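Step one of this worksheet: look at the structure below.
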Amino acid sequence: MIRILSIALALLVLTACDNSQQPATSPHGEHNALPIKIKFSHVVAESTPKGIGANKFKQLVEQRLAGKVIVEVYPNSQLYGDDKEMEALLLGDVQLIAPSLAKFGKYTKKLQVFDLPFLFDDIHAVERFQKGTLGKQLLSAMAGQNFIGLGYWHNGMKQLSANKPLRIPADAKGLKFRIQHSDVLQTQFETLGANPQKLAFAEVYNALQTGVVDGAENPWSNIYSKKFHEVQKYFSETNHGVLDYLLVTSTQFWNGLPPKIRTELEKILNEVSEEVNKLALDVEAQDRQKVLDFAKQTSKTEVLTLTKEELAQWREVMKPVWQKFEADIGKDVIEAAIMANQSP
Ligand code: LMR
């Protein structure tokens with residue numbers, strides 16, 4: 001009898017400990033004594049727009065919700081790589097992530113619009129689209145799957161890299177390119193006659209260094225912070241696509257928060273999103289310059305500026321990709337993105 005009682009007691013204690021990980025709400029949604037823990041996991045360096053945004057979020061939460069919410073940030077795929085972070089969010093192991101928009105294909109086809117090559121002229125067009133009616137609607141494209149989109153964060157436009165100069169599309173033929181987990185990006189490289197390989201971000205440096213792949217596509221902040229310029233001989237400034245993020249949480253976590261705390265977190269996230277989206281262009285310019293400096297000092301790499309005619313060739317060859325994904329994405333969504341290229 002005593003043995004049964006002690007086992008029951010041990011189980012009770014264990015259950016109580018486990019509950020400490022859950023939002024500290026009473027059945028009435030009031031906040032009780034335990035701080036709510038938000039784990040924010042991401043795969044990039046702290047110096048990138050996403051890294052800066054995650055740390056800023058932590059700082060503001062700890063100022064404004066001291067004692068009520070604590071934030072732990074795990075950068076550089078320390079906790080989860082990008083193959084696992086979405087599952088971890090759905091399982092409640094992390095509460096905030098900001099994967100690249102390219103990585104949601106398993107959950108929605110709509111966000112594929114962001115991967116279409118040469119759709120957006122620049123990051124300002126991307127921003128106009130995200131702030132427009134359809135862009136805002138896409139934030140809830142995965143509502144039925146327990147994901148709530150809380151905002152878009154910019155990184156920047158992507159550049160192509162390889163160990164041979166890529167000036168025209170034919171230069172990419174037969175090369176192996178690392179891509180994010182995106183069917184659009186797969187088709188983009190297949191259209192060039194190249195061999196795309198889906199790899200997690202944490203594996204890119206080694207894959208480039210060891211020759212598992214010959215090239216990649218990345219924005220400047222990811223290139224510089226992960227030292228891809230040390231293992232790629234040429235960068236072509238193509239700006240052929242965007243790499244931006246969707247900040248997401250799980251519906252279960254978000255709706256389980258005490259309303260006042262949720263409102264304050266929303267305010268903070270909106271503030272941080274504005275800030276990230278303002279500073280992304282500066283980070284991009286600075287990191288581009290650092291790669292240029294490295295190229296000048298070491299001659300180990302080179303940044304190629306393409307002519308208008310060369311760029312037109314890339315655009316022409318990649319354009320059929322749009323058609324292939326139009327039915328999945330929606331013609332209206334693609335048209336709204338095209339319209340966003342016109343500044344008001
Ligand atoms: C990549 O996998 O190349 C990017 O999505 C990484 C990131 O989060 O910027």
Side-chain angles (χ1 to χ4, degrees), residues 42-45 48 50 76-77 80-85 99-106 112 114-118 155-245 287-288 290-291 294-295 298-304 306 310 313-314 317-318 321 324:
H42 67 83
V43 300
V44 291
T48 61
K50 179 160 63 179
N76 293 311
S77 311
Y80 295 105
D82 48 22
D83 43 347
K84 288 274 175 310
E85 63 183 10
S100 150
L101 290 158
K103 293 177 182 168
F104 289 97
K106 195 169 149 191
Q112 294 185 134
F114 290 100
D115 283 349
L116 295 180
F118 292 104
N155 184 328
M157 304 305 281
K158 292 178 293 183
Q159 320 302 335
L160 282 176
S161 66
N163 284 327
K164 65 176 267 199
L166 303 175
R167 289 198 177 277
I168 54 168
D171 296 332
K173 207 168 174 188
L175 298 188
K176 287 178 269 165
F177 283 90
R178 177 270 168 171
I179 54 164
Q180 304 176 77
H181 279 260
S182 151
D183 292 346
V184 177
L185 299 179
Q186 180 171 344
T187 306
Q188 171 190 287
F189 281 102
E190 284 170 354
T191 305
L192 294 170
N195 302 316
Q197 306 214 357
K198 292 178 178 169
L199 286 178
F201 187 61
E203 294 169 40
V204 180
Y205 182 91
N206 272 342
L208 292 171
Q209 191 186 35
T210 57
V212 166
V213 290
D214 306 300
E217 51 165 15
N218 276 284
W220 288 114
S221 73
N222 283 359
I223 292 167
Y224 183 71
S225 61
K226 291 296 176 192
K227 300 188 171 32
F228 297 155
H229 56 292
E230 295 182 7
V231 286
Q232 290 280 262
K233 293 205 178 91
Y234 297 94
F235 290 88
S236 305
E237 283 203 272
T238 46
N239 291 302
H240 63 280
V242 63
L243 196 158
D244 264 17
Y245 305 110
D287 288 345
R288 175 181 176 274
K290 287 179 195 156
V291 176
F294 174 85
T298 65
S299 302
K300 284 188 179 155
T301 193
E302 202 179 319
V303 177
L304 309 172
L306 305 190
E310 287 166 341
Q313 286 193 45
W314 290 94
V317 173
M318 289 180 174
V321 177
K324 290 202 176 128

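None of the values given here were measured: they were computed from a predicted structure. Excluded from the calculations below are hydrogen atoms, water molecules and symmetry mates; all remaining heavy atoms, backbone and side chain alike, are included.
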(request) Take V184 and L116 through the side chain to side chain contact (heavy atoms under 4.5 Å, CB included) test and state the conclusion after the steps. (result) CA-CA 7 Å; V184 177; L116 295 180; 3.9 Å; yes
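- Contact check for L243 versus Q180: side-chain heavy atoms found under the 4.5 Å cut-off.
- Residues Y234 and D171 have side chains not in contact (no heavy-atom distance under 4.5 Å, counting atoms from C-beta outward).
- Taking both residues in full, the closest heavy atoms of P196 and Q186 are given as CG-O, 3.5 Å, listed atom of the first, atom of the second, then distance.
- Residues N76 and K226 meet the side-chain proximity criterion, which asks for heavy atoms closer than 4.5 Å.
- Taking 4.5 Å as the limit, some side-chain heavy atom of M318 sits within range of a side-chain heavy atom of F118.
- The backbone N or O of T238 lies less than 3.5 Å from no partner atom in the side chain of S236, so there is not a single donor-acceptor pair.
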(message) Quick one, V44 with N222, criterion side chain to side chain contact (heavy atoms under 4.5 Å, CB included). Give me CA distance, side-chain angles, the key distance, then yes/no.
(response) CA-CA 7 Å; V44 291; N222 283 359; 3.6 Å; yes
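- Nearest heavy atoms, V291 versus V303: CG1-CG2, 4.1 Å.
- The OG atom of S161 lies 12.0 Å from the NE2 atom of H229; values are rounded to the nearest 0.5 Å.
- No side-chain heavy atom of E203 sits under 4.5 Å from any side-chain heavy atom of N206.
- Within the 4.5 Å cutoff, no side-chain heavy atoms of Y224 are placed close to those of T48.
- You'll find the side chain of S182 stays beyond 4.5 Å of the side chain of Q112, heavy atoms only.
- Looking at every heavy atom in both residues, F201 comes nearest to V43 through CD2-O, 3.4 Å.
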(request) Please step through side chain to side chain contact (heavy atoms under 4.5 Å, CB included) for the pair F189 and E217, ending with a clear verdict. (result) CA-CA 10 Å; F189 281 102; E217 51 165 15; 3.7 Å; yes
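- Judged by distance alone, with hydrogens and angles left aside, the side-chain atoms of W314 form a donor-acceptor pair with the main-chain N or O of R167 at under 3.5 Å.
- Using a 3.5 Å distance cut-off with no hydrogens or angles, the side chains of S221 and N155 do pair a donor with an acceptor.
- The CG atom of D82 lies 10.0 Å from the CG atom of L199; values are rounded to the nearest 0.5 Å.
- For the pair A194 and L175, the tightest heavy-atom approach, listed with the atom from each and the gap, is CB-O, 3.3 Å.
- More than 12 non-hydrogen atoms from other residues, nucleotides or ligands lie less than 6.0 angstrom from NZ of K290.
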(request) Determine, step by step, whether L192 and V317 satisfy the side chain to side chain contact (heavy atoms under 4.5 Å, CB included) criterion, reporting the C-alpha distance in whole Å, the side-chain angles of both residues, the deciding distance to 0.1 Å, and the verdict. (result) CA-CA 7 Å; L192 294 170; V317 173; 3.9 Å; yes
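- The structure places CZ of F235 at 8.5 Å from CZ of F228, a figure rounded to the nearest 0.5 Å.
- A donor-acceptor contact shorter than 3.5 Å is absent between the side chain of Q197 and the backbone of F177.
- Considering CG of D115 and NZ of K103, their distance stands at 10.5 Å, rounded to 0.5 Å.
- Pairing each heavy atom of R178 with each of A200, the nearest pair is NH2-C, 3.8 Å.
- Side-chain contact between L185 and K158 is present, with heavy atoms from C-beta onward closer than 4.5 Å.
- Residues R288 and E237 are paired through a salt bridge, judged by an N-O separation under 4.0 Å between the basic side chain and the carboxylate.
- Ionic pairing of D183 and K198 is present here: one or more N-O contacts between side-chain nitrogen and carboxylate oxygen are shorter than 4.0 angstrom.
- The structure places OG of S299 at 9.5 Å from CZ of F294, a figure rounded to the nearest 0.5 Å.
- Within a 6.0 Å sphere centred on NZ of K300, heavy atoms belonging to other residues, nucleotides or ligands number 12 at most.
- Residues Q159 and N218 have side chains that never bring a donor and an acceptor to within less than 3.5 angstrom of each other.
- Closest non-hydrogen pair, Q232 versus N163, comes out as CA-OD1, 3.4 Å.
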